[in-house]
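Read through the structure below, which is laid out as structure tokens, and then see the notes.
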Amino acid sequence: MVFLRRPTLLHYLLLSAMLALLLFISSSWLPQSGVRDCGSAWQPCLIYYHQTPEPPLVAEEAPPLIQECPGQSFQAWRLLRYLKSSLADADDVLLEPYLQSWDQLLNFMESLGTMVGFFSQKVREKVVLIRELSLKHSREAHGKRGPPDSSGLQTAASFGLKNEGFRSVRLMVGAELREGVVDFSRRTDSGCRTLLRLHRSLLWLKLLLEGLAEGPDADGQYKTPGELSRDAYKVALAPHHHWVLRQAAEFVFLALPGRQYFLQLVCVQSQREAKPVLHAIIHALTLVHTQTQRILTEHDMLELP
């Protein structure tokens, strides 16, 4: 019996080891389909999926403190890269990287859950409108449509963002003033008016991030993201919104996730790690917001209806 038991035990051990190795190897090759890590329909979801990563814009310029965050659409380092690129002209804001910054900020907003989706959709419509107006201006200026890329989608160049028309905020403002499409007494779908709405929303996001970067109060307590969003909203957006929209915003703030979720979006685990990342983004947002504010102020456009 002794001689029968030892080979049987060794046999089982070998089979177990081979099975574990097989599972490990096969799991590395399994296709990663979309898997949602969600709460209820009102709570934010992180979507993990296998995708071919976008090539870095300038990989060596990505700040070492802000890393690629796998499996999510919002990438803090890309946001920072686009914000800095939009300030390539000393006294202007380049429109293409400015709108690309908003593409990343929209990814950030949409990661916060279903309730934020209504507001992020309104922002997305404004980004799309500026691109459409730029394309229209480019057609009229050059008499032809810009070429689509190989996927059939309009490229940044085909939207006219790299041409003389809407290459920058100053050029867009000047072109629309010359064409008489900006009305200071009634609402029009001009690029300047649309930019002003994005400008106000940018201030809201900047103030929110500043709140997240702050330390605790005297009792060692941090404000919740909902409280920080409400405070920022009262300064940046509430004065320009009617009562119904202000009430709807209150429900959105109640549904925002906790602070740890926001830290996860910038790929850090603690408030200490988040502070330098948030400060880098806040600094870039401040520069872009200040430059845009200066241009709009020069043309008395801060209160366009």
Next on the checklist: Using only atom types and a distance under 3.5 Å, with no angle test, would you say the side chain of Glu96 pairs donor to acceptor with the backbone of Arg167?
Outcome noted: no
Checklist entry - side-chain contact (heavy atoms from CB on, under 4.5 Å) between Leu228 and Arg259: does it pass, once the steps are laid out? => result CA-CA 10 Å; Leu228 295 172; Arg259 180 178 289 263; 3.9 Å; yes
Checklist entry - For Ser270, does its backbone N or O pair with a side-chain atom of Gln260 as donor and acceptor, under 3.5 Å? => result no
Checklist entry - Hey, what do you get for CZ (Arg246) to OH (Tyr233), rounding to the nearest 0.5 Å? => result 7.0 Å
Checklist entry - Taking Asp219 for the side chain and Gln221 for the main chain, is one N or O donor matched with an acceptor at less than 3.5 Å? => result no
Checklist entry - Does the Gln75 side chain pair with the main chain of Gln72, one donor and one acceptor, at a distance under 3.5 Å? => result yes
Checklist entry - Which heavy atom of Tyr82 sits nearest a heavy atom of Ser101, and at what distance? => result CB-OG, 3.2 Å
Checklist entry - Is there a side-chain contact between Met301 and Val173, using heavy atoms and a 4.5 Å cut-off? => result yes
Checklist entry - Would Leu304 and Cys192 satisfy side-chain contact (heavy atoms from CB on, under 4.5 Å), going step by step from the backbone distance to the final call? => result CA-CA 8 Å; Leu304 286 177; Cys192 294; 4.2 Å; yes
Next on the checklist: If you apply the rule side-chain contact (heavy atoms from CB on, under 4.5 Å), what do you find for Leu209 with Phe262, and how did you get there?
Outcome noted: CA-CA 10 Å; Leu209 293 178; Phe262 281 81; 5.8 Å; no
Item to check | side-chain contact (heavy atoms from CB on, under 4.5 Å) between Lys206 and Thr286, intermediate numbers included | outcome: CA-CA 7 Å; Lys206 183 179 85 75; Thr286 301; 3.3 Å; yes
Checklist entry - Given Leu195, which of Val169, Ile295, Leu129 fulfils the side chain to side chain contact (heavy atoms under 4.5 Å, CB included) condition? => result Val169
Item to check | Cationic N near anionic O, under 4.0 Å, Asp103 to Arg131 | outcome: yes
Next on the checklist: Can a donor-acceptor pair be found, under 3.5 Å and without considering hydrogens, that links the side chain of Thr290 to the backbone of Leu287?
Outcome noted: no
Checklist entry - Would a distance-only check, ignoring hydrogens and angles, find a side-chain to backbone donor-acceptor pair under 3.5 Å from Thr188 to Val182? => result no
Next on the checklist: Any side-chain to backbone donor/acceptor pair from Trp204 onto Ser229? Under 3.5 Å, distance only.
Outcome noted: yes
Item to check | Criterion salt bridge (charged side-chain N to carboxylate O under 4.0 Å, His left out) on Lys223 and Asp231, from CA distance to verdict | outcome: CA-CA 10 Å; Lys223 280 190 174 182; Asp231 293 344; 2.8 Å; yes
Checklist entry - With no hydrogens and no angle check, do the side chains of Trp77 and Glu68 hold a donor and an acceptor under 3.5 Å apart? => result yes
Item to check | Atom pair CG/CG of Leu105 and Leu285 - distance to nearest 0.5 Å | outcome: 6.5 Å
Next on the checklist: Checking side-chain polar atoms at under 3.5 Å, does Gln121 have a donor or acceptor matched by the opposite partner on Arg124?
Outcome noted: no
Checklist entry - Going by distance alone, is a donor N or O of one side chain under 3.5 Å from an acceptor N or O of the other, for His137 and Glu179? => result yes
Checklist entry - Any side-chain heavy atom of Phe166 within less than 4.5 Å of one from Leu171? => result no
Next on the checklist: When you measure from the side chain of Ser134 to the backbone of Ile130, do you find a donor-acceptor pair of N or O atoms at a distance under 3.5 Å?
Outcome noted: no
Checklist entry - Do Arg81 and Gln100 have side-chain N/O donor and acceptor atoms under 3.5 Å apart? => result no
Next on the checklist: Rounded at 0.5 Å granularity, tell me how far OG in Ser86 sits from CG in Leu99.
Outcome noted: 10.0 Å
Item to check | Counterpart residues, side chain to side chain contact (heavy atoms under 4.5 Å, CB included), relative to Ala88 (two or more places apart) | outcome: Leu94
Next on the checklist: Testing Asp92, Leu203, Val93 one by one against Thr292 for a side chain to side chain contact (heavy atoms under 4.5 Å, CB included), which residue passes?
Outcome noted: Val93
